[in-house]
Amino acid sequence: MNSTSLAAAPQVEFESKAGTLARLFGKLEHATVLPQISFTVDQWLRSGGRWTNFQCNEPWLDGALIVRSSATTEDQPRCSGAGRFLSIGDISNEPDLERAISSVIAAYGDARVDHEVLVQPMLQDASVYGVGLSYSPAERAPYYLLNYDATSGRHDAVTSGSSTDIRTCYVARNARIQPGGWKSRVIKLLKELEGIFSTEELDIEFDASRSGELYLLQVRPLTGVSNPLCSMADHKLALQNAAARFSSAQKAPAPLLGKRAIWGLMADWNPAEIIGVRPRPLSYSLYKYLVTDNSWAEKRFEYGYRDVRGVPLMHSVGGVPYIDVRASFSSLIPRSISDDFAARLVDWYGDELLMQPQWHDKIEARVLSCVESLSPTRPLDSRLLGPVSEAECEALAAAQRQLNRNILDRSDGHWLKDIALVSELPALHAAQLRIEDSRERLRGLLSVCTSHGTLPFAGLARVAFIAAGFLQSMVRDGILSDRERAAVLSAASTISSTVLHDFHTLDESRFMARYGHMRPSMYDILSPRYDDAYQRYFPEASARARPSGPAVNTGFSLSARQHELIQGLLVFHHLDDYTPDEFMALIGHAIRWREQGKFLFSATLSDLLETCKAVGAEHDLSVEDVSYLDVEHLLSSLDVGATGDMLRARRHRFNVTRSLKVPPLVSAPEDFYSFEVPRHYPTYISQQKVVGPVVTLSERSGLSLPEIEGKIVVLEAADPGYDWIFTHRVLGFITLYGGSNSHMAIRAAEHGVPAALGVGESIYQVCVSASVLELDCMAEQIIPVL
């Protein structure tokens, strides 16, 4: 047994948890190590399990105590054992102390007598409990990583995964500006400990008190650290370039409005969901070419929104795709609104977003919705009445209603033209496939995929968003219940329903003839198509005679009262050429065509990627080589020597991209160096609760697919290529990215599968680490069970 009141001089090597803390007691500048009494299991057994036999007289023993583990298998270079063992706090008397010590020893689960136990004072005014890492371990990314809980009051909230509000903060090791408060002190502590232990790979647990004191609870080697993906110099340069590029974007280029730039990973057209946060260059360039350079703005202008044509929506920052949120805000203002009014709106939208950064992936549903009056009973949002007058608010709402009228007109609405355009795509696609020259075929597929694919799809997606807005408005005004809204969505049979039905009714050859072009990551040339990896997506274990999944509600009939209320809504919006029943059918039709349009252009995009492979093969380039090229390179002459140099440079650059931790929302250059992941409000689908084992799907897992039947599936993002998931009887699924209008949200509602979408980094990591989860969609909770 030892008491840290007699602590020895600091050591540079790790010992047990208790031993390491004993060596640091009273020796740190940036944190306090609590006093302790530690002893081995053997010493405790020889004492007869009686605390009085230790004859301890430390004054702090009169206060609340905590008993903590110090197993010989904890804090090892290859296995930290974090959160594995037991700690018991808030002990105030000797019998409870003896029971706690015995419980901690029993939790070791073996007969080793050299395990230790330590007793320390229990902190009474701790406000933050957390874990700090010197590196982000999986990629050895050079960031200090802080995971903390400031709400539950539990000292093991982070290590046990029990908190529902674990926050994540990244600080680049070369950050020019450190975060303030306790976070700065934790980073200074980590740097101090790096010097003491002569290593930059540390993992600590800490408490921060309300009075400003920082306490070190544990320090151990950081385990699971991989080799660095790039040098510190390259990483530093990437951050400097990102900050400089954002600084240069502050002045809005015409015709954009607004005083400042804001960039987001998951804003308009959500690249994080569609191409990923770190896409290969070909994926990025295709998305840019087909969607974010021109199609997005062209279609909004045609639909009556503000003209921002010529302005790119997406920017690559160190290889990471960011959406220009200011461009998005500008493009979603009706064209009839004056420049002055529109500029004030854009600035106000930006202020609201920065005050509520958790809305970064729902800016239209959460930020812009406060000025769109979708019902005659909805009052004006009082937050807006300051920079904008009540009369201007009314004018904006009226302009929005007229715009919706023009889009949805049943005889000459813009969306009807888009349905006609996208319906012509299969024939145009087939004609391009007959072109023998691969480069010319690629050029033709790009042209028709844009003109008859992504361009009309941009319109159909807007119509589906408007339709969803009307549906939500009806729920808010009490016209429909949440259950009835779910029934409308379930009845809106989409391509996903067809895929699922055909999987169970068609043989393999006929099924592949229709759906073989689909791939989970539709812009990624490295993502196998269904017809290239059938066994991966549809293993033999999936019996075709099995029922297609849980029954879904096929809809409902409007009551007389609902007819009357919806009729009033239609009159208010000048859409009374629709009957209430026809308008409800229109909502389902809009949602179906959004999915059908994407399905049609995804076929062209898939063959476009196959043509990219062919162009590359003609120049002895592998598929992976092609993934590092821009589509513009494939359209021009490829010089073998120059292409080889480019590929080497791009592989290196991609490794730098992989090492970057980036903020979901950027409002200042410093955000690239230090940021906190915003709180997320996941989108929950259904009102069901399920409990079951977890399986994580990842593109990095290769072609081996774990069994997902009867499990909760966890994945980063998903698009229509992941429809194969619904051919299995999964309990539910959880995604890191995605939102209320994502494709997986639509599919989950359609199939009645419980899901949580866009849960964010912190919750996602909890899910990935869990063996069993409870997904309670009604309570909006994701709870680790095991």
Could you tell me which residues satisfy ring-ring contact (aromatic ring centres under 6.0 Å, His included) with Y170, sequence neighbours excluded, listed by chain and number?
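Applying ring-ring contact (aromatic ring centres under 6.0 Å, His included) to Y170 gives F675.
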
Return the set of residues passing ring-ring contact (aromatic ring centres under 6.0 Å, His included) with F341 (not counting sequence neighbours), or none when no residue passes.
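Applying ring-ring contact (aromatic ring centres under 6.0 Å, His included) to F341 gives none.
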
[X] side chain to [Y] backbone, donor-acceptor under 3.5 Å:
X    : Y    : result
E676 : C169 : no
E484 : S481 : yes
E582 : T579 : yes
R335 : Y305 : yes

Is the Lys NZ or Arg CZ of R594 less than 6.0 Å from the centre of F457's six-membered ring, within 45° of the axis?
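The answer is no; the distance or angle limit is not met.
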
Would you please indicate if the ring centroids of W415 and H589 are separated by under 6.0 Å?
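Close enough - the centres of the two rings lie under 6.0 Å apart.
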
For this output row, return yes or no: ring centroids of Y303 and H414 closer than 6.0 angstrom.
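Under 6.0 Å, so yes.
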
For [Y], is there an ion pair with [X] - N to carboxylate O distance below 4.0 angstrom?
X    : Y    : value
E392 : R344 : yes
E364 : R462 : yes
E595 : K598 : no
K299 : D418 : yes

Partners meeting side chain to side chain donor-acceptor pair (under 3.5 Å) with K288 (sequence neighbours left out)
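With neighbours one apart ignored, the set is D293.
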
What's the spacing between S328 OG and W296 CH2 if we round to 0.5 Å?
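The CH2 atom of W296 is 6.5 Å from OG of S328, to the nearest 0.5 Å.
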
Considering only residues two or more places apart or on different chains, which pairs with a residue in residues 304-320 satisfy salt bridge (charged side-chain N to carboxylate O under 4.0 Å, His left out)?
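Applying salt bridge (charged side-chain N to carboxylate O under 4.0 Å, His left out) to every pair that reaches into residues 304-320, excluding sequence neighbours, yields E298-R309, R306-D339, D307-R309.
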
Listed partners of V311 passing side-chain contact (heavy atoms from CB on, under 4.5 Å), at least two apart
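For V311 the side-chain contact (heavy atoms from CB on, under 4.5 Å) partners, ignoring immediate neighbours, are P255, L256, A327.
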
Under the salt bridge (charged side-chain N to carboxylate O under 4.0 Å, His left out) rule, collect the residues that match up with D409, sequence neighbours excluded.
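Testing D409 for salt bridge (charged side-chain N to carboxylate O under 4.0 Å, His left out), a comparison that skips the adjacent residues, returns R405.
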
In terms of the angle between their ring planes, are H573 and F470 parallel, tilted or perpendicular, with boundaries placed at 30° and 60°?
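Ring orientation of H573 relative to F470: perpendicular.
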
Angle between ring planes, H315 versus W263, binned at 30° and 60°: parallel, tilted or perpendicular?
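Answer is parallel, since the angle falls under 30°.
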
